[in-house]
Amino acid sequence: MVVNRLTTMVCFTATITTAIHHRLRRHIRTFVNARVKWVRDPYLDTAVEKEKNLKSLLSLKNLIISHPSKAPPLRTISPLKPQLNLPTTALKFIQNYPFVFKTFRPPIPLSTLHVKLTPNAESLHNDETLFLNLSHYRKDLAQRLAKLLMLTRANRLPFFVINRFKFDLGLPHDYLLSFLSEFPEYFQICQMGLKGADGREVFGLELVKWRKDLAVSVVEKGVKREDFGGGKRVPIRYSMNLPRGFDLQKKVKNWAEEWQNLPYISPYEDAFHLAPNSDQAEKWTVGVIHELLSLLISKKTERENIYCLGDYLGFGIRFRKALVHHPGIFYLSNKIRTHTIVLREAFNKNILVEKHPLIRMRYKYISLMNKVLRRGIPINAGALRHRKRLASLKAGNSKRMKQVKSIEPKED
């Protein structure tokens with residue numbers, strides 16, 4: 001009888017231990033040991049490539065327009081090539097876009113070259129300025145900037161991090177002077193309690209108070225409110241969109257399917273208590289990156305910007321792993337001399353699903369950039385490249401036809 005009781009206790013203990021071990025294993029199970037290959041997505045590469053040199057061009061445009069004469073001498077622009085991130089010399093860059101910039105010499109003896117905007121570019125700049133001053137745009141921008149600060153545990157970020165996202169958020173180039181003072185109920189400038197490489201105190205931007213109405217992610221907005229009642233965690237599946245030729249290994253597919261069904265934790269919630277290498281922590285990490293990209297008007301940004309934010313927030317290598325593990329959510333493009341992270345679900349092929357009004361404005365600049373002069377006649381550079389490709393294909397087909405005819409047997 002004693003032996004039977006002992007045997008029962010051993011079996012019960014073994015069952016409980018197995019169940020606990022299984023539960024713990026499920027909790028801390030990490031990404032499968034499999035290599036996720038990178039596959040090129042030509043559509044998203046095109047979406048990135050179409051904005052080539054746009055940021056540099058707008059920086060130069062703002063520099064020119066801020067000059068008292070709106071036509072600074074070229075010699076004052078050339079030394080600023082690194083700050084403007086120009087891919088070539090200032091003069092060559094300016095000459096590449098004759099429908100945006102114009103060089104001239106003032107009617108003064110021995111005068112040097114000066115640069116100004118063309119009438120088309122100046123008109124577009126005026127339209128852009130009017131839009132940037134609209135109250136509803138500035139309110140939307142303030143809310144998106146506030147949400148960026150709310151992704152941090154301290155609700156604040158140093159300016160060197162914010163400046164990395166300035167262009168992608170749509171912040172005015174002089175936002176410190178022209179924008180922040182309008183929203184004292186949202187923001188205040190603060191000391192970050194650390195010093196930069198130059199030994200100076202680092203300053204940043206802090207949220208005045210937590211805004212519960214803004215602490216709802218884009219993902220959560222797509223789920224019915226009642227599904228979150230009573231603090232219940234609801235599995236939220238991310239949109240997955242893999243390009244042609246992308247074939248995940250079976251064990252990766254199985255892992256991704258289980259991972260998708262894990263409970264969703266809001267990126268505005270602090271979940272650093274989770275085991276860093278757990279799948280649940282990774283789903284939260286993906287949620288933070290997903291929300292970050294959703295806040296940006298172009299739904300993409302340079303990889304180094306995301307790494308910089310991740311390092312500052314304490315995610316470290318977790319951001320890097322999340323971007324690699326989920327190619328169906330994030331795409332890495334290596335176009336335009338950098339690496340860009342793109343939010344896949346925001347694009348239909350190479351077209352943004354929802355175009356922010358400022359993006360539409362920037363596309364007008366791209367249209368001017370693509371216009372070039374050929375024999376004194378303005379044409380679209382994209383159309384010219386298309387014609388050259390067609391001509392090349394036609395020449396290649398013609399050459400192949402001649403080769404085929406040359407080896408065809410001749411009739412007697």
Side-chain angles (χ1 to χ4, degrees), residues 38 41 44-45 47-59 62 82-87 141 144-176 179 192 194 196-197 202-205 207 217-218 267-268 284-327 329-347 352 356 358-359 362:
W38 177 86
D41 189 321
L44 294 183
D45 279 343
V48 171
E49 202 166 18
K50 74 166 64 171
E51 296 185 16
K52 181 180 180 181
N53 294 335
L54 175 63
K55 187 176 179 180
S56 300
L57 180 133
L58 293 179
S59 296
N62 290 332
Q83 292 91 323
L84 297 171
N85 197 28
L86 301 181
L141 179 56
R144 285 187 289 111
L145 180 56
K147 286 167 78 76
L148 175 63
L149 297 178
M150 289 168 66
L151 289 177
T152 72
R153 283 180 286 180
N155 298 327
R156 61 182 184 175
L157 280 172
F159 284 121
F160 73 81
V161 175
I162 295 174
N163 288 339
R164 281 184 167 270
F165 297 97
K166 181 171 71 173
F167 179 78
D168 300 314
L169 278 168
L171 282 167
H173 67 281
D174 57 348
Y175 74 98
L176 283 170
F179 177 75
M192 297 303 299
L194 52 94
V202 173
F203 286 86
L205 196 63
L207 198 67
S217 70
V218 170
Y268 298 105
W284 176 60
T285 303
V286 167
V288 173
I289 301 174
H290 185 282
E291 183 69 2
L292 168 66
L293 291 172
S294 298
L295 295 176
L296 309 180
I297 61 173
S298 61
K299 312 306 178 189
K300 61 184 184 299
T301 191
E302 291 184 19
R303 183 179 63 180
E304 290 306 313
N305 296 343
I306 294 180
Y307 285 177
C308 177
L309 177 65
D311 291 342
Y312 179 79
L313 297 182
F315 282 92
I317 198 171
R318 292 162 65 174
F319 265 22
R320 291 163 171 80
K321 286 182 177 179
L323 293 172
V324 172
H325 289 174
H326 304 280
I329 303 174
F330 312 116
Y331 174 66
L332 172 64
S333 174
N334 57 10
K335 294 294 181 179
I336 62 173
R337 310 181 306 276
T338 187
H339 291 90
T340 304
I341 302 297
V342 184
L343 183 61
R344 281 190 181 275
E345 68 183 58
F347 288 82
L352 264 173
H356 190 279
L358 185 56
I359 285 291
R362 288 178 178 178

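In what follows, every heavy atom counts, from backbone to side chain, and hydrogens, waters and symmetry copies are set aside. For this chain, numbers begin at 1 and follow the sequence in order.
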*Asks:* For L58 versus F167, what's the shortest heavy-atom pair and its separation?
*Replies:* CD1-CE1, 3.7 Å
*Asks:* Side chain of R344, backbone of P327: donor and acceptor closer than 3.5 Å?
*Replies:* yes
*Asks:* Determine whether L332 and L323 satisfy the following criterion, side chain to side chain contact (heavy atoms under 4.5 Å, CB included), listing intermediate values before the conclusion.
*Replies:* CA-CA 8 Å; L332 172 64; L323 293 172; over 6 Å; no
*Asks:* Please assess R318 against W284 for the test side chain to side chain contact (heavy atoms under 4.5 Å, CB included), listing each intermediate value before the final yes or no.
*Replies:* CA-CA 10 Å; R318 292 162 65 174; W284 176 60; 3.9 Å; yes
*Asks:* If I take atom CD1 from residue I297 and atom CD1 from residue I359, how far apart are they, to the nearest 0.5 angstrom?
*Replies:* 4.0 Å
*Asks:* Can you name the closest pair of heavy atoms from V218 and E291 and give their distance?
*Replies:* N-OE1, 2.9 Å
*Asks:* Are D168 and K299 close enough for a salt bridge, meaning some N to O gap below 4.0 Å?
*Replies:* no
*Asks:* Mind listing the closest non-hydrogen atom pair of A47 and F347 along with its distance?
*Replies:* CB-CE2, 3.7 Å
*Asks:* Could you report the tightest heavy-atom contact between H326 and A322, atom names first, then the distance?
*Replies:* CD2-O, 3.2 Å
*Asks:* Are the side chains of H325 and F330 in touch, meaning some heavy atoms are under 4.5 Å apart?
*Replies:* no
*Asks:* Sequence neighbours excluded, which residues qualify as ring pair (Phe, Tyr, Trp, His ring centres under 6.0 Å) partners of F165?
*Replies:* none
*Asks:* Can you measure from CG (L205) to CE (M192) and round to the nearest 0.5 angstrom?
*Replies:* 9.5 Å
*Asks:* For residues 145-160, dump all side-chain donor-acceptor pairs below 3.5 Å to protein atoms at least two apart in sequence or in another chain.
*Replies:*
unit_1: K147; atom_1: NZ; unit_2: L214; atom_2: O; d: 2.6
unit_1: K147; atom_1: NZ; unit_2: V216; atom_2: O; d: 3.1
unit_1: K147; atom_1: NZ; unit_2: Y268; atom_2: OH; d: 3.3
unit_1: T152; atom_1: OG1; unit_2: L149; atom_2: O; d: 2.7
unit_1: T152; atom_1: OG1; unit_2: N155; atom_2: N; d: 2.8
unit_1: T152; atom_1: OG1; unit_2: R156; atom_2: N; d: 3.1
unit_1: R153; atom_1: NH2; unit_2: L313; atom_2: O; d: 3.4
unit_1: R156; atom_1: NH1; unit_2: Q191; atom_2: O; d: 3.4

*Asks:* Does L295 offer a backbone N or O that forms a donor-acceptor pair with the side chain of R144 under 3.5 Å?
*Replies:* yes
*Asks:* Which residue pairs pass the salt bridge (charged side-chain N to carboxylate O under 4.0 Å, His left out) test when at least one of the two sits in residues 47-57, sequence neighbours left out?
*Replies:* E51-K300
*Asks:* So do the side chains of H339 and S333 get within less than 4.5 Å of each other, counting heavy atoms only?
*Replies:* no
*Asks:* Is the backbone of L44 close enough, under 3.5 Å, to the side chain of D41 for a donor and an acceptor to pair up by distance?
*Replies:* yes
*Asks:* Indicate yes or no: at least one non-hydrogen side-chain atom of V48 is less than 4.5 angstrom from one of Y331.
*Replies:* no
*Asks:* Would you say the side chain of F315 lies within less than 4.5 Å of the side chain of L309, judging by non-hydrogen atoms?
*Replies:* no
*Asks:* Report the distance from atom CG of L292 to atom CG of L343, rounding to the nearest 0.5 Å.
*Replies:* 10.0 Å
*Asks:* Would you sort out whether I336 and N53 count as a side chain to side chain contact (heavy atoms under 4.5 Å, CB included), showing the intermediate values?
*Replies:* CA-CA 8 Å; I336 62 173; N53 294 335; over 6 Å; no
*Asks:* If you round to the nearest 0.5 Å, how far is NE2 of H356 from OG of S298?
*Replies:* 10.5 Å
*Asks:* Answer yes or no for R320 and Y307: cation-pi contact, defined as NZ/CZ to six-membered ring centre under 6.0 Å and angle to ring axis within 45°.
*Replies:* yes
*Asks:* With a 4.5 Å cut-off on side-chain heavy atoms, are N163 and Y175 touching?
*Replies:* yes
*Asks:* Does a side-chain heavy-atom distance below 4.5 Å link L84 with S56?
*Replies:* no
*Asks:* If I compare all heavy atoms of P267 with all of V288, which pair ends up nearest, and what's the gap?
*Replies:* CB-CA, 3.7 Å
*Asks:* Taking side chain as C-beta onward, heavy atoms only, is W38 less than 4.5 Å from N334?
*Replies:* yes
*Asks:* Working to the nearest 0.5 angstrom, can you tell me the gap between L171 CG and F179 CZ?
*Replies:* 6.5 Å
*Asks:* Begin from the C-alpha positions of C308 and V161 and carry the test side chain to side chain contact (heavy atoms under 4.5 Å, CB included) through to its verdict.
*Replies:* CA-CA 7 Å; C308 177; V161 175; 4.1 Å; yes
*Asks:* Report yes if the side chains of I329 and V286 come closer than 4.5 Å at any heavy-atom pair, otherwise no.
*Replies:* yes
*Asks:* Between the side chain of N305 and the main-chain N/O of T301, is any donor-acceptor distance below 3.5 Å?
*Replies:* no
